[in-house]
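Chain A is the first sequence line, chain B the second, and so forth, proteins listed ahead of strands; every chain is numbered from 1.
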Amino acid sequence: MALRFYNTLTQQVEPFTLLEGNTVRMYTCGPTVYNYAHIGNFRTFTFEDILRRWLLYRGFELDHVMNITDVDDKIIRNAVAEHKTLAEYTATYTEAFLEDTAALRLQRPERMVKATEHIPEMVRAIEQLAERGFTYQSDGSIYYRIAKFPGYGKLSHNDFSGIRSGARVDVDEYDKANARDFVLWKAPKDGEIFWESAIGPGRPGWHIECSAMAMKYLGETLDIHAGGVDLIFPHHENEIAQSEAITSKPFVRFWLHSEFLNVESQKMSKSAGNFYTLRDLQQEGYQPDVVRYLLASVPYRKKLNFSADGLKAAATAIDRLRNFKLRLETDKYPEGANEKILERTRLAVRQFEDSLDDDLNTAEALAALFEFVRDANTAMDAGEFRAGNTAPALDFLDRFDRVFDVLRPAQTEGGLSDARVEELIQERNAAKKARNFARADQIRQELLDAGIILEDTKEGTRWKRK
RNA sequence: GGCGCGGUAGCCAAGUGGUAAGGCAGAGGUCUGCAAAACCUUUAUUCGUGAGUUCGAUUCUCACCCGCGCCUCCA
């Protein structure tokens, strides 16, 4: 079966194709840089990374745009409170975001674009909407009139037809014709930052930045637009309303949304206060690659209940895979190749690929890998594994790691050099031969204290960094 | 209320109209100077509850119970 994704727009799993060419035009909603991103945010970004990597694995080229929202109410409020300029304030958290994504081994999108650097594009988009009669002004702000857009609600599958334009729905929304209408351009309040423009002084509403930037870089119809489920409404619904009102063309072909990460069965969110940042977890001693594995191992459309147990399980699972790789690289096997194992390897790779083709079923893909690892270990123990089986097995691990990227140990700074470790191992082996086990154990402990783990095997001693 | 997701072993979790993947944890064992690593056996007669369709349902239908989310900023 070919590559296929669940499309929020159609509520169906559909074969993934491109209209033309081989480049996937993909847009993903990035962070609002008013604080550190939490791992709920990173669940979505990790999903998008797996998506990226699987598209590349399948031979597509990518033009992936991620926005950075660096102007919004919270940013302005916080920047003012800290007596910083907008740019100063957002720089801190933009930088932190980039550090975190690097630690989580998230590939950099082809373009990362900032809202504040695209004000003219947004103003132009609002002008186009105005020309087509989709806007109205109120108290100096410009609003989008959803009653003008017939398809409004098609992504979130809500029926808004019962809401009549002009009806007053809520006293708090007195300045809007319809409670669902949203702001495109906000009139400046006292002391707030604003831009002068052809449509008057103000700053952009949240939704217009994505429409303007996505279409600027990727054209009028994107192949993929992804984000968390909470963005379906209103954000993505509004992006459709804006973009399609301007172009009269479908804005996005495939809408992909990742489910939430929960803590104690509750949504993790900044407003609820029950959130962890990657930095929090690192302080508790969890490596980012462990977090990455946990986030990636649960299929993206399934709620992920985050827990310390889950992190520990992830850490152990990664160790198992790394141990297997180390064994492949260091053990010696008889010449030749075991045909049955070769066939077993091919089957496992096929299952792995089929699983990811199926709407990125990472849990099933991992199962294919782990079954193979067990079978290969069994064959090694039974002496049936041959030298010629090593390369295909390592190739499978490499394919796995092109997507999951967890086999490479996190950089451990300092410590002993490889040469010094080898030296001590030689000394220890000499001590063992002389049955001086006290000295041998002393060296083992010494190395362990330096973060080096020794494993004695039939072929000799192998080692790894903790 | 509207829209949507889910309830599978101690935990995480896949899956199919034909009788339950995988990971972690637990128990026992093999191997081993020590320590690891690895392997083997074992842990759901059962997939929220009830009814229906069917030769047969965890998988389809209906009802109900429970959990979560969106409908306001939010990954």
Side-chain angles (χ1 to χ4, degrees), chain A residues 8 11 28-32 34 37-48 72-74 153 156-160 162 170 172-173 179-180 182 206 226-235 237 257-262 265-272 275 293-294 297-307 309-324 326-327 331 351 355 358 361-382 432 435-438 440-441 444-445 448 453-458 461-464:
Chain A
T8 307
Q11 298 181 299
T28 58
C29 289
T32 300
Y34 74 96
H38 59 63
I39 54 166
N41 301 127
F42 284 121
R43 197 236 172 142
T44 293
F45 299 133
T46 302
F47 144 64
E48 289 160 356
D72 90 324
D73 290 348
K74 288 184 201 126
S156 56
H157 302 99
N158 282 318
D159 180 9
F160 296 107
D170 186 328
D172 291 338
E173 306 288 356
R180 307 282 181 181
F182 54 92
W206 176 34
V229 285
D230 55 336
L231 296 187
I232 294 172
F233 190 89
H235 185 51
E237 195 73 73
H257 293 97
S258 58
E259 253 298 348
F260 277 127
L261 178 148
N262 290 157
S265 297
Q266 302 294 312
K267 168 185 171 181
M268 177 181 291
S269 73
K270 289 176 186 171
S271 51
F275 65 92
Y293 180 95
L294 177 61
S297 64
V298 177
Y300 76 94
R301 288 202 291 129
K302 178 120 184 165
K303 289 182 186 69
L304 191 164
N305 203 359
F306 186 80
S307 68
D309 281 351
L311 282 172
K312 284 171 192 147
T316 310
I318 292 176
D319 277 343
R320 180 167 165 81
L321 297 175
R322 287 180 182 165
N323 286 334
F324 176 64
L326 185 67
R327 189 176 190 187
D331 278 11
Q351 288 174 336
S355 298
D358 183 11
N361 190 337
T362 50
E364 200 171 73
L366 285 168
L369 175 65
F370 278 104
E371 281 184 86
F372 170 73
V373 169
R374 184 198 57 219
D375 289 351
N377 271 319
T378 302
M380 290 170 178
D381 286 357
K432 275 171 62 178
R435 302 198 66 77
N436 181 357
F437 293 122
D441 289 347
R444 174 191 286 291
Q445 188 58 48
L448 185 62
I453 296 170
L454 300 187
E455 295 178 7
D456 292 331
T457 72
K458 288 193 182 73
T461 304
R462 67 181 174 218
W463 63 278
K464 61 189 177 189

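- Across all strands shown, A/Leu369 has no heavy atoms under 4.0 Å from either base or sugar-phosphate atoms.
- In this view, A/Ala379 and A/Ile341, A/Glu384, A/Phe385 satisfy the side-chain contact (heavy atoms from CB on, under 4.5 Å) rule, not counting sequence neighbours.
- Partners of A/Lys74 according to the side-chain contact (heavy atoms from CB on, under 4.5 Å) rule, which considers only residues two or more places apart in sequence or in another chain, are A/Tyr34, A/Asp72, A/Arg77.
- Not a single donor-acceptor pair under 3.5 Å links the side chain of A/Asn41 to the backbone N or O of A/Ala37.
- Heavy atoms of A/Ala313 sit under 4.0 angstrom from primed sugar atoms or phosphate atoms, though from no base atom.
- Annotation: B/C62 and B/C73 have their P atoms spaced 34 Å apart (nearest Å).
- Spacing of P atoms, B/G22 relative to B/A9, comes out at 16 Å, to the nearest Å.
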* Structure fact -> Letter by letter from the 5' end, nucleotides 32-39 of chain B scores (B base, S sugar-phosphate only, - none; protein heavy atoms under 4.0 Å) -BBBBSSS

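- B/C31 and B/A25: their C1' atoms are spaced 23 Å apart (whole Å).
- A gap of 36 Å separates the C1' atoms of B/G4 and B/U43, to the nearest Å.
- OP1 and OP2 of B/G4 both lie 4.0 Å or more from every side-chain N or O belonging to A/Asn158.
- Note on A/Gly40: a base of the nucleic acid sits closer than 4.0 angstrom, heavy atoms only.
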Please list, one pair per line, the donor and acceptor atoms closer than 3.5 Å that link side chains of residues 369-376 of chain A to other protein atoms, with sequence neighbours excluded.
residue, atom, partner, partner atom, Å
A/Asp375, OD2, A/Arg344, NE, 2.7
A/Asp375, OD2, A/Arg344, NH2, 3.1

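- Projected onto RNA chain B by closest heavy-atom contact, A/Gly310 and A/Glu364 fall at different nucleotides, the more 5' of which corresponds to A/Gly310.
- For the C1' atoms, the distance linking B/G1 with B/C60 amounts to 29 Å, nearest Å.
- Note on A/Phe260: a base of the nucleic acid sits closer than 4.0 angstrom, heavy atoms only.
- A gap of 35 Å separates the P atoms of B/C64 and B/A75, to the nearest Å.
- Residue-level contact check: A/Glu48 touches neither bases nor backbone, having no heavy atom under 4.0 Å from any strand.
- Side chains of A/Thr362 and A/Ser297: no donor on one and acceptor on the other come within 3.5 Å.
- Picking from B/G69, B/U72, B/A21 the nucleotide with the shortest atom distance to the side chain of A/Pro234 gives B/U72.
- Among the heavy atoms of the strands, none lies under 4.0 Å from A/Ile232.
- As rounded to whole Å, 17 Å separates atom P of B/A21 from atom NZ of A/Lys302.
- Among the atoms of the strands shown, none is found under 4.0 Å from any heavy atom of A/Pro31.
- Side-chain atoms of A/Ser307 and A/Asp309 include no donor-acceptor pair closer than 3.5 Å.
- Applying the 3.5 Å distance criterion, the base of B/C68 shares no donor-acceptor pair with the side chain of A/Lys267.
- For the P atom pair drawn from B/G7 and B/C11, the interatomic distance equals 14 Å after rounding to whole Å.
- A gap of 24 Å separates the P atoms of B/A13 and B/G18, to the nearest Å.
- Residue A/Lys312 is out of contact with every strand shown, counting any heavy-atom pair closer than 4.0 Å.
- Across all strands shown, A/Ala317 has heavy atoms under 4.0 Å from sugar-phosphate atoms exclusively, and none from any base.
- A search for side-chain contact (heavy atoms from CB on, under 4.5 Å) contacts involving A/Ala315 returns A/Val290, not counting sequence neighbours.
- With RNA chain B read from its 5' end, the first of the two nearest nucleotides for A/Lys458 and A/Asn305 is the one closest to A/Asn305.
- Within the 4.0 angstrom heavy-atom criterion, no nucleotide atom of any strand lies near A/Met380.
- In this structure, A/Gln266 atom CD and B/C70 atom C1' are separated by 15 Å, rounded to whole Å.
- Within the 3.5 Å criterion, the main-chain N or O of A/Asp456 finds no donor-acceptor partner in the side chain of A/Arg462.
- When the side chain to side chain donor-acceptor pair (under 3.5 Å) test is applied to A/Thr28, the partners found at least two apart in sequence or on another chain are A/His64.
- For the pair A/Phe306 CZ and B/A75 P, the computed distance is 17 Å after rounding to whole Å.
- In this structure, A/His257 reaches neither bases nor backbone, as no heavy-atom distance under 4.0 Å exists between it and the strands shown.
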